[in-house]
There are 4 protein chains.
Amino acid sequence: MARQPPSSTVPRGRPRDPRTRAAILAAARALLERGGLTAVTIEAIAQKAGVSRPTIYRYWPNAPAVAMAAFLDVTGAPDAARSTRSPYAALRAQFHAVADAFAAPAGRSVAAMVAAAQSETELAKAFRNEFIARNRDATRLLLERCIEDGLIAPPADMELVLDLVFGPLFYRLLMGHAPITRGFVDRLLDTVIPASA
Amino acid sequence: MARQPPSSTVPRGRPRDPRTRAAILAAARALLERGGLTAVTIEAIAQKAGVSRPTIYRYWPNAPAVAMAAFLDVTGAPDAARSTRSPYAALRAQFHAVADAFAAPAGRSVAAMVAAAQSETELAKAFRNEFIARNRDATRLLLERCIEDGLIAPPADMELVLDLVFGPLFYRLLMGHAPITRGFVDRLLDTVIPASA
Amino acid sequence: MARQPPSSTVPRGRPRDPRTRAAILAAARALLERGGLTAVTIEAIAQKAGVSRPTIYRYWPNAPAVAMAAFLDVTGAPDAARSTRSPYAALRAQFHAVADAFAAPAGRSVAAMVAAAQSETELAKAFRNEFIARNRDATRLLLERCIEDGLIAPPADMELVLDLVFGPLFYRLLMGHAPITRGFVDRLLDTVIPASA
Amino acid sequence: MARQPPSSTVPRGRPRDPRTRAAILAAARALLERGGLTAVTIEAIAQKAGVSRPTIYRYWPNAPAVAMAAFLDVTGAPDAARSTRSPYAALRAQFHAVADAFAAPAGRSVAAMVAAAQSETELAKAFRNEFIARNRDATRLLLERCIEDGLIAPPADMELVLDLVFGPLFYRLLMGHAPITRGFVDRLLDTVIPASA
DNA sequence: CGGTAAACGAGACGGTACGTCGTGTCTTTGA
DNA sequence: TCAAAGACACGACGTACCGTCTCGTTTACCG
């Protein structure tokens, strides 16, 4: 089991400056937020971060990949367990937070990353695993606690429930046919996950 | 002697050759289906359609706009009223068709257009009005007939119901975390719009 | 002597509006003076003259041709015979006029036409016959009168003399290494065509 | 710690491949000789030189500038001092060479550059300093030697003499109203700079 | 006086070239 | 070995004119 570090683990030559990576991500994030995906060009990132283009390529293969990294860097998973509250209240709070984020200019970035994930499989996988899966996991956890506590009736198909609560949110975010308000989230949850009794 | 300022309805100059427009859209559609949005370049369209680049710009302002036009050109609204069936059966049939379309390579185009609609307001509006709205309208119509016939219980919020059935479909299409099968559509409809009694 | 007009000489159809030709030439001339030869585009002429592009092509084959026509339209031959003066004084006056013209912004047009005449034989011929030849003819005439009156010694090679007076003028106009002043003209004439006795 | 602002003499980054520049100039020269100025397009140069268009723009701002550079690259100044001969013979030889050059297809290029120099000040300056001035300088030098050796009478205005010998040459080159032969050059020199005694 | 023919404006269309931007790779020097 | 700077080929961009064409409309003449 002892992993044999042949020679590759031994850092040779000039070590990478951690500030370089951070500067690139910060620049990419800024460009992503105003300007959307098309504004995230290697050129612009290099300029803004004070870094040469080849350096960026040493870290990521192309511009969307940097954008995705920048996006995932900030967007942490929701911290599911705010212990004091009831799981049902925590669930509501979590979705209120999502609604707020989607309504804010940051929601623009989410949409951009959805778009980016269409073209390249690698990005799609990253987005799915790092962003989508995390959100679903956090919600699934809370739902299971609700069920344990008898706050909601156990659903026939848990994954379908997750699709039913997240689907409409992304649908509105991406189509923009209607706003994403807390009221909307409330009606959505009341319909899909009604409190039992 | 009074020169009549031509009231804009009078076509002046050489009329446009309808084949030109058709050729451009056909080329764009083909490129969109394999290759996705990034493959739809003015250059490639011009080549494929046997048309000069400036001609394309005479019709549309940029590549995504052509792609959107090509997409909307084929994608007609679902023909809601297959008279013989019950509205509820028609509803199911309609969503089965959507599921089939989304699962087919054409679904790729839908995702691409969602992505395209993120960057430009004009495209977003077109996509919303021509594609999203049409689909919702068709479904809304069928739902109202079902209610009239007492096949389903009248929902508190019709728009929310529409979000609940379309949202998960687009969610799966865009995230790709799970396939869009007829079985999925059935479970979805059974949950959101259960047949009354 | 009675020319038989078969049918081609008889003007059929709507006669050309003389204002059209004039408007085109005026526009071309204006564009030529500021902006030089590159500014004389069919597009710009059409715009400025309020005329359609095909109309211009009905009169001339291409833009430089219009420019040349516009140039030659204004630039009449010098009126050699100002009867009252002595031929020698007339000669001087004529070259002073040329110097003035070359020094003025109109000189810019002359240079432009020299440039234009390089590319196309047709233009070169027109320029040579309409502009160069006329100027040489007028000067040759005056020189011959001077010789008749015994004001100057008869030169061995008249054409060389013409090259010697016109050459340096065009040389300075085109190279711009020195200004074209009346003083320069005077020194030039004094050297090449000194008054006899 | 004080970052030294690189004093421009230190070459940073990848150095330019000298073959690139050479290839561009060679291509431009070839295009210039047959086809004239209008044939010297960036597109054509890139094609012929096996170089990308942006690369050309990295060296020169536009097509005429490349043409001028190509022209000046070959056209070295005449080597005035062929020591063995008398300065007067050298003078004659020099102008015979010019006549030959002007009469050859290369003369076409000279005319083209005169034309090109009309539109842009930068080009005019380059042409004047690199080509016109060099030729005048070489001739002026020989003339001064002739005067020193008492071969010709000292002229009142040296610059005028230079205009008188070069002017007619360019005049004939550009107007094409008469050929540029050695005989013409001889008559020209005999008239303007007669051997004294 | 009505038909015919050309003039003319407007604009479509295939081209060619423009000058620019971004990409991804490579080659230097310097840390 | 990393990092910077910049060279370079490539591909696409959106624009400007070109020269030709197809229309509809207008204006003369001629039978």
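Every chain is numbered from 1, with letters handed out A, B, ... down the list of sequences.
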Whole-Å gap separating [atom2] ([N]) and [atom1] ([X]):
| X | N | atom1 | atom2 | result |
| --- | --- | --- | --- | --- |
| D/Asp17 | F/dA9 | CG | C1' | 13 Å |
| A/Arg19 | F/dA3 | CZ | P | 11 Å |
| C/Gln47 | E/dG11 | CD | C1' | 13 Å |
| A/Ile56 | E/dT25 | CD1 | P | 14 Å |
| D/Trp60 | E/dC18 | CH2 | C1' | 18 Å |
| D/Ile45 | F/dA9 | CD1 | C1' | 17 Å |

Checklist entry - Within the structure shown, what part of the strands sits under 4.0 Å from C/Glu43 by heavy-atom distance: base, sugar-phosphate, or nothing? => result sugar-phosphate
Next on the checklist: Taking any heavy-atom pair under 4.0 Å as a contact, classify C/Thr41: base, sugar-phosphate, or nothing.
Outcome noted: sugar-phosphate
So, do [X] and [Y] sit near enough that their side-chain heavy atoms are less than 4.5 Å apart?
| X | Y | result |
| --- | --- | --- |
| B/Val51 | B/Ile45 | no |
| C/Leu32 | C/Arg29 | no |
| C/Arg58 | C/Pro54 | yes |

Heavy atoms from C-beta onward define the side chain here; which of [options] lies closest to that of [X]?
| X | options | answer |
| --- | --- | --- |
| C/Pro15 | E/dC13, F/dC18, F/dA28 | F/dA28 |
| A/Ser52 | F/dG14, E/dG14, F/dA5 | F/dA5 |
| D/Tyr57 | E/dG19, E/dG14, E/dC8 | E/dG19 |

Using a distance-only criterion (donor-acceptor N/O pair, under 3.5 Å, no hydrogens), is the base of [N] paired with the side chain of [X]?
| X | N | answer |
| --- | --- | --- |
| A/Arg53 | F/dG6 | no |
| D/Arg14 | F/dA7 | yes |
| D/Arg58 | F/dG6 | no |

Next on the checklist: Can you work out whether C/Pro54 or A/Gly50 has the more 5'-proximal nearest nucleotide on DNA chain F?
Outcome noted: A/Gly50
Checklist entry - On DNA chain F, nearest-nucleotide positions of B/Val40 versus D/Gly13: which is more 5'? => result D/Gly13
Item to check | Chi angles and distances behind the salt bridge (Lys or Arg N to Asp or Glu O under 4.0 Å) call for D/Arg53, D/Glu43 | outcome: CA-CA 7 Å; D/Arg53 241 158 352 108; D/Glu43 185 73 32; 3.4 Å; yes
OP1 or OP2 of [N] less than 4.0 angstrom from a side-chain nitrogen or oxygen of [X], does that happen here?
| X | N | value |
| --- | --- | --- |
| C/Arg12 | F/dC29 | no |
| C/Tyr59 | E/dA7 | no |
| C/Thr20 | E/dA7 | no |

Item to check | Check: D/Leu174 main-chain N/O paired with C/Gln118 side-chain donor or acceptor under 3.5 Å | outcome: yes
Checklist entry - Pick the nucleotide of DNA chain E nearest each of C/Pro18 and D/Ile42; which residue has the one closer to the 5' end? => result C/Pro18
